[in-house]
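For reference, the structure is listed below as structure tokens.
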Amino acid sequence: MQFFALLTRNTEKFSDADFAPLLPGEAEQRRTLYAEGAVRQVWNRGDVPGSGMMFEAGSDADVRGHLATLPLVKAGMMDIAAIVPLNPYPGFGPKR
């Protein structure tokens, strides 16, 4: 099943200088999750600092477990704004 996770940087408590040392490890862990097949795509948000991540997982709890491995989430610097389960869109199926 696919899930979309919407993440927001906690910029009210942390400055860009606070985030900087954790960013290389954050990128590396996201690459690891991608290589493992847990993450399908990652986007930077265009509205606020943060990202969107498409997951392939069995449950919401699995997604939360993957997100918990990210350094910014571990440090309380990235908030999970939403985890949305996605169902296939039936409009592209066979015509009847």
Side-chain angles (χ1 to χ4, degrees):
M1 182 171 192
Q2 291 188 325
F3 293 83
F4 187 73
L6 193 60
L7 307 170
T8 305
R9 283 191 185 189
N10 191 343
T11 56
E12 293 192 16
K13 291 184 181 177
F14 301 98
S15 69
D16 288 344
D18 296 325
F19 286 101
L22 296 178
L23 295 179
E26 181 79 7
E28 182 60 32
Q29 182 57 20
R30 288 175 185 228
R31 282 190 295 274
T32 297
L33 291 172
Y34 181 82
E36 292 173 349
V39 170
R40 296 288 187 164
Q41 293 179 312
V42 178
W43 300 269
N44 284 327
R45 290 183 61 169
D47 57 344
V48 297
S51 60
M53 299 176 73
M54 183 71 70
F55 282 89
E56 191 73 42
S59 69
D60 179 279
D62 292 339
V63 174
R64 289 184 186 281
H66 292 308
L67 290 171
T69 69
L70 298 175
L72 292 177
V73 172
K74 283 183 187 179
M77 300 171 81
M78 182 82 77
D79 298 325
I80 302 168
I83 297 176
V84 181
L86 301 172
N87 294 317
Y89 176 67
F92 294 139
K95 293 183 181 182
R96 296 182 188 198

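Heavy atoms only: backbone and side chains are in, while hydrogens, waters and symmetry mates are out. Residue numbers run from 1 in the order of the sequence given.
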Answer yes if Met77 and Val73 sit in the same cluster of Ile, Leu, Val, Met, Phe, Trp and Tyr residues linked by side chain heavy atoms under 4.5 Å apart, and no otherwise. yes
Connected via hydrophobic side-chain network under 4.5 Å: Leu22 and Leu33: yes
Please check if Met78 and Leu23 belong to a single hydrophobic cluster, counting links between Ile, Leu, Val, Met, Phe, Trp and Tyr side chain heavy atoms closer than 4.5 Å. yes
Within residues 65-83 or reaching into it, pairs that qualify as side chain to side chain donor-acceptor pair (under 3.5 Å) - sequence neighbours excluded: Gln29-Thr69
Are side-chain heavy atoms of Glu12 and Asn10 found at a separation under 4.5 Å? yes
Side-chain contact test, heavy atoms from C-beta onward, threshold under 4.5 Å: evaluate it for Arg9 versus Phe14 and give yes or no. no
Report the distance from atom CZ of Phe3 to atom CG of Leu86, rounding to the nearest 0.5 Å. 8.0 Å
Scan the side chains in residues 47-54 for donor-acceptor partners under 3.5 Å anywhere in the protein, sequence neighbours excluded, and list what turns up.
from  : atom 1 : to    : atom 2 : distance (Å)
Asp47 : OD1    : Arg45 : NE     : 2.9
Asp47 : OD1    : Arg45 : NH2    : 3.3
Asp47 : OD2    : Arg45 : NH2    : 2.8
Ser51 : OG     : Arg30 : NH1    : 3.1
Ser51 : OG     : Arg30 : NH2    : 3.2

Residues which pass side-chain hydrogen bond (donor to acceptor under 3.5 Å, both in side chains) with Asn44, listed by chain and number, not counting sequence neighbours: none
Quick check: does any side chain N or O of Glu26 sit under 3.5 Å from a backbone N or O of Leu72, one acting as donor and the other as acceptor? yes
What donor-acceptor contacts under 3.5 angstrom involve side-chain atoms of residues 34-42, with partners at least two apart or in another chain?
from  : atom 1 : to    : atom 2 : distance (Å)
Arg40 : NE     : Glu56 : OE1    : 3.3
Arg40 : NH2    : Glu56 : OE1    : 3.4

If you link I, L, V, M, F, W and Y whenever their side-chain heavy atoms are under 4.5 Å apart, who else ends up in the same group as Phe92? Tyr89
Is any side-chain heavy atom of Phe55 closer than 4.5 Å to a side-chain heavy atom of Leu67? yes
For the hydrophobic clusters of this structure (ILVMFWY residues joined by side-chain heavy atoms under 4.5 Å, transitively), does one cluster hold both Ile80 and Leu70? yes
Which pairs pass side chain to side chain donor-acceptor pair (under 3.5 Å) with one or both residues in residues 13-25, sequence neighbours excluded? Ser15-Asp18
The reported gap from CG in Leu7 to CH2 in Trp43 (rounded to nearest 0.5 angstrom) is 11.5 Å
